[in-house]
Enquirer: 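Dropping a structure here in structure tokens format, bear with me for questions.
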Amino acid sequence: MEILEAILRRRSIRKFLPEPIDREILTNILKISRRAPSSVNSQPWEFTVVQGAILNDLRAENISKYRSGAPAETELSTSYWPKDSIFRERQVEIAKQLFSSMDIGREDTEKRTAWIERGFRYFDAPAAIMITYDKVLSPRGPLMDIGGAVQTICLAAVQYGLGTCIAEQGVIYSSVVRDHTNIPDTKKLAISIAVGYPDWDFPANQVVSNREDIDHIIHWVQ
Ligand SMILES: Cc1cc2nc3c(=O)[nH]c(=O)nc-3n(C[C@H](O)[C@H](O)[C@H](O)COP(=O)(O)O)c2cc1C
């Protein structure tokens, strides 16, 4: 597959088939992702691949924490999009697209809650990759570098017919992840990626998110 085709084909997948993924395929994807660039070639990323019974435990505990109203425990400052900003508008726009595809109405609390819980279940993916970096590092370098590695993982996954959803939700309850994965205290939990074979019959998997007009974001200076 051509690189441009993979870039254009990638999209967030929020429901997967139950089929497991061969360990060799996951290893290849992560091997390839190591080719992402990083400041001073520091390669700050580490991957914890969670599957099987342990992943099911994570799903169940995330859900019970969410239902108990527990506050977020993210290890990086929580993402924030100011009200009345273009960023917030874009967030609302993708939510509308996804909810309309799933027939979730504005006031339908039950369906909305079910949607949020899907994220806490890693979208029922057969695998979730937790990405960590060493706490001795200041976040700026690793987060930029991990961004490149994450996109490389998502693109390599497309080549194997796999889908992905990068998910902050998957690391919101960091104590749940830590309790089951032996991630050492010396590492910071940056983000999770759900991976699996897409269920193309799921309406939200057909949504193509919008992008800003190129003329609004290029500034030519010469
Ligand atoms: C850092 C990051 C965190 C994200 N966290 C979530 C999440 O918690 N739940 C979710 O459903 N999607 C999450 N996404 C997916 C974005 O919503 C998605 O990338 C965006 O809407 C663009 O859609 P696309 O990936 O289909 O192109 C996240 C994406 C990124 C890059």
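In this text the structure is predicted, and so the values were computed from the model without any measurement. All ligand and atom numbering here is 1-based and tracks the order in the structure.
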Enquirer: Given Y133 and E46, is the side chain to side chain contact (heavy atoms under 4.5 Å, CB included) satisfied, shown in steps?
Expert: CA-CA 6 Å; Y133 67 90; E46 281 190 42; over 6 Å; no

Enquirer: Restricting to pairs with a member in residues 122-143, which pass salt bridge (charged side-chain N to carboxylate O under 4.0 Å, His left out), not counting sequence neighbours?
Expert: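 Residue pairs with at least one partner in residues 122-143: R121-D124, D134-K187.
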
Enquirer: Below 4.0 Å, non-hydrogen atoms only: which portion of R211 touches ligand 1? Side chain, backbone, both or neither.
Expert: side chain

Enquirer: May I ask you to identify the nearest protein heavy atom to atom 1 (C) of ligand 1, giving residue, atom name and distance to one decimal place in Å?
Expert: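 Among all protein heavy atoms, the one nearest atom 1 (C) of ligand 1 is I191 CD1, 3.8 Å.
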
Enquirer: At a 4.0 Å threshold, what atoms of ligand 1 neighbour a non-hydrogen atom of C165?
Expert: 12 (N)

Enquirer: Report yes if the side chains of N62 and Q169 come closer than 4.5 Å at any heavy-atom pair, otherwise no.
Expert: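 No, every pair of side-chain atoms sits at 4.5 Å or beyond.
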
Enquirer: Is atom 4 (C) of ligand 1 in close reach of the protein, with a heavy atom under 4.0 Å away?
Expert: yes

Enquirer: How far apart are the closest heavy atoms of A167 and F123, and which atoms are they?
Expert: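 Looks like CB-CE1, 4.0 Å.
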
Enquirer: Under the criterion salt bridge (Lys or Arg N to Asp or Glu O under 4.0 Å), which of K65, R59, R67 is the partner of E117?
Expert: R67

Enquirer: On a heavy-atom basis, I'd like to know which of C154, S209, A95 is closest to atom 23 (O) of ligand 1.
Expert: S209

Enquirer: Which ligand 1 atoms are under 4.0 Å away from a heavy-atom of R11?
Expert: 26 (O)

Enquirer: The test is side-chain hydrogen bond (donor to acceptor under 3.5 Å, both in side chains); show your working for N210 and E93 and say whether it passes.
Expert: CA-CA 8 Å; N210 296 329; E93 189 180 20; 2.8 Å; yes

Enquirer: Report the part of F123 (side chain from C-beta onward, or backbone N, CA, C, O) that has a heavy atom under 4.0 Å from ligand 1; answer both or neither where that applies.
Expert: side chain

Enquirer: Give yes or no for whether the N/O distance cutoff of 3.5 Å, strictly under, is met between I166 and ligand 1.
Expert: yes

Enquirer: If you take the nearest heavy atom of each of E168, R14, Q169, which one is closest to atom 12 (N) of ligand 1?
Expert: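 Looking at heavy atoms only, the winner is R14.
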
Enquirer: Show me which atoms of ligand 1 lie under 4.0 Å from any heavy atom of I94.
Expert: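 What qualifies from ligand 1 is 21 (O).
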
Enquirer: Looking only at protein heavy atoms, which one is nearest to atom 19 (O) of ligand 1, and what is the separation?
Expert: S12 OG, 3.5 Å

Enquirer: Would you mind listing the cluster partners of Y80? Hydrophobic ones only (ILVMFWY), side-chain contacts under 4.5 Å, chaining allowed.
Expert: none

Enquirer: When you compare the side chain of I21 with that of Y197, does any pair of heavy atoms fall below 4.5 Å?
Expert: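 A side-chain contact under 4.5 Å exists here.
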
